[in-house]
Structures are given as C-alpha cells and as structure tokens.
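Data first, discussion second: the structure below is written as structure tokens.
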Amino acid sequence: MTDSLQARLADALKPIANPRTGASIYQTQQVRDIATTRDGKVRVTLLLAAQDDPTLARQVRQALERVEGVVDVRVDVKDASEPATPPAAAPAPAKAATRTLPVMNAEPAPRTPAAPTPVTYPKLGRILAVSSGKGGVGKSTVTTNLAIALAKAGHRVGLMDADIYGPNIPRMMGVDEAPPVKDDKIQPLQAHGVKVMSLGFLIERDQPAIWRGPIVMKIITQFLRDVDWGTLDFLFVDMPPGTGDAQLSLVQATSVAGAVIVTTPQEVAVGDALRGAKMFERVGVPVLGIVENMSYFESPETGKPMAIFGTGGGKRLADELKVPLLGEVPLYPPVLEGADRGAPIVVSDPASSAAKKLTAIALRIAQP
Ligand SMILES: Nc1ncnc2c1ncn2[C@@H]1O[C@H](COP(=O)(O)OP(=O)(O)OP(=O)(O)O)[C@@H](O)[C@H]1O
Ligand SMILES: [Mg+2]
C-alpha cells in the first residue's frame, strides 16, 4: 500500500519545476525525505535557497493534498544554503541564484549585512513604521485602520506587512491569495482602498521562522523595490514587536519618514515601548508620536468608557520622549471582531468612538 502511495506522491511531485532552474524539484531532490504513514499522513522536506520562490512550498503541499489516499500533508522547509546533510551528499539542484520571490531578478544580497546605504523610493511617499516594544498591543490593528482612514481621506496608501514571523495583515485586511506578477513586478493586492503586500501571501503559514530570519533584509528590500506600488502618498509598515531584525532592516533599507509607537497603558508595555522608540531615535528616524491602544474599555452595549487598566501610560511615555500622544483608542470588542473577518473598525463601524479616534490619529499623522 505504502509503495503505491509513494509512487503516486512521486508522480504528483515530478511535474513541479523550480522556476529558477526549470528543473523538477523531485528529480533534483529539492523535495526529499518523503515519509508516509499507513493512514495517509505525508511529510516531506523542501530545500529552499533564499533565492527560490517561496510559493513552491505551497505548490508542493497542494499537489500532495490532491493525491488519492492522502489525509494530511506537512512540508518542512529547510534552508538549502545551510546544508543539514554533509555538502558532498547534497545534490546540486540550486545553482546560481537569480530569483527569490516571484519576481526578484535581484543582484545577490551580501551575505553579511554590511550596513547597506538606505535607498530612497520617491514614489512610495512617506514611509511610516508602526512599531511597539511588546507583542499583542495592537500594532497591526492600528496600522490597518490608519492606512484605511487615510485612503478614505483620498490619499494613495500602501500597507506593507514586515511581520515576517506572524504576518496577520492578510487576515485583518480580508485578502489572502498569491499576488499576480505583471511585467516582472509583484502586484500588491487591494483591500479597502489600500494596496497591501505581505509575506503571508507568498509562503506557507507554518513555515519555520529559522528559514525566514536570515532573509528578512532581503524580503524588506524586495517589498520596497520589486512590488508595483505605483505612486503612493503613504506607505505604512507593520512591524513585528520589539527592536529586532525587521526594524533594523527597514531603517537600513530605506529612509523612514517616521515611526508611530503603539503601547497599552500598563507599565510593562510602556517600558518596552520606550526601548522601541529609542531605537528609532538612535538611527535618526523621528518618532511621530504614541498611540495608547486598549486605553480603557468601552462597552458596545452602553457605550460607556471604563478605565480598567490604569491610566496615563501613553502620556508618560510621550512626555518622556517629548513627542505627542496621538490618541487613546478604547478596547472595544467590535474592533477585534472586525479584524477577524477582514473589516477593520473604520470600515465596519466608522461611527464608533474607536474608529473616530483612529481616524483622527491618521489625519494627524498625515499632516506634513
Ligand atoms: N482597541 C482594540 N479593541 C479590541 N480589540 C483589539 C484592539 N486592538 C487590538 N485588538 C485585538 O487584540 C489582538 C492583538 O492585536 P494586534 O494583532 O493588532 O496586535 P499586534 O501588536 O500587531 O500583535 P503582534 O505583536 O502579535 O503583531 C487582536 O486580536 C486584535 O483584534
Ligand atoms: Mg501584528
């Protein structure tokens, strides 16, 4: 039984070619370690070089899922540039690199990030990073709503998801498909009047973070350079939490016009946010201000505000940094519900006070 399943799996994999080399990923053993269980679970390893098209992982999974008798597929992506097996044993499917994400006719990125000179992209308008010290404070929520609010106000707005570890912009904006490629440029997807690009469109959801880490600079550069953003007034960049690779890569890749720091009122979030803000200041990116999110609870039934988290954290942080407190956004359950079904609050309930506050923050940021 297993033998014939193996044969069917091989048949499904053979036609898949690596667009970079044109060769079958099965024949070149780029996909390997094909393991099956009696009850139809399949596990394979896919070796991806940084220059390979990451959507290959999705293609492999989909091809295997269609095979008769398969109930579950897991694709483990391994970095081909760090051979797990001794180099001699590895076949040489991946020759010279020419492509990475679908377009990417990139010159090979330097292996050591020797402080690249930031490139200016005049067509992208003002590039604004939305960051925080701590995770889960509402960066992505704030970013999506600010972007949509400015689009509604008539600005040309892009939204780039730089959270390569947990991209959730696709879910929040309600778009998730492979972006089309035209004239060698990735076309961003459109949602709520905003052009959106996320690594989530291109990769397997469960792809291991180790594979993503080394290429974060590359991805950010390619998102800035190889995505057909057209002409924008604002490009919002949703960051992962903290002061890690993504923040550093972004400020090294391009000149960032400003950072918006999101915090919650609690001291611990504020302390982390302060460190996050200082990092931007150190590299010469102005902090435009602080958004205190989940400032207080607002009941959807009564509309009454309730301070349940302590108050003033955002204000203290703003004072300490000598930047404005841009606004205090309530914890309002419909914000979460809207995000979960791809309709941020400025779309799903523009009359709510949360939406109004977010819109006011957006308009304030948009001032020259
Ligand atoms: N003002 C709000 N009212 C109600 N729910 C909110 C509010 N802001 C954010 N949330 C919810 O809190 C959760 C975390 O928000 P979000 O994902 O935006 O945070 P984040 O800082 O981007 O997180 P991460 O660090 O994981 O990227 C989400 O489920 C979101 O819908
Ligand atoms: Mg987020």
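Ligands are counted one by one from 1 in listed order, and the atoms in each one are counted from 1 as well.
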Measuring from the heavy atoms of G338, does anything fall under 4.0 Å of ligand 1?
-> no
Work out whether the distance between some heavy atom of S132 and some atom of ligand 1 is less than 4.0 Å.
-> no
Backbone, side chain, both or neither: what part of [X] comes under 4.0 angstrom of ligand 1, heavy atoms only?
X: D163; answer: side chain
X: K134; answer: neither
X: D340; answer: neither

Hey, are the side chains of [X] and [Y] touching, using non-hydrogen atoms and a 4.5 Å cut-off?
X: I169; Y: S140; value: yes
X: L224; Y: L235; value: yes
X: S352; Y: P334; value: no

When you measure from atom 14 (C) of ligand 1 to every protein heavy atom, which one gives the shortest distance, and what is it?
-> G136 O, 3.8 Å
Please check atom 28 (C) of ligand 1 for a protein heavy-atom neighbour under 4.0 Å.
-> no
Does an N or O from A339, backbone or side chain, lie closer than 3.5 Å to an N or O of ligand 1?
-> no
Is a salt bridge present between R275 and D272, judged by a nitrogen-to-oxygen distance below 4.0 Å?
-> yes
Using a strict 4.0 Å cut-off to heavy atoms of P330, name the atoms of ligand 1 that fall inside it.
-> 1 (N), 2 (C), 3 (N)
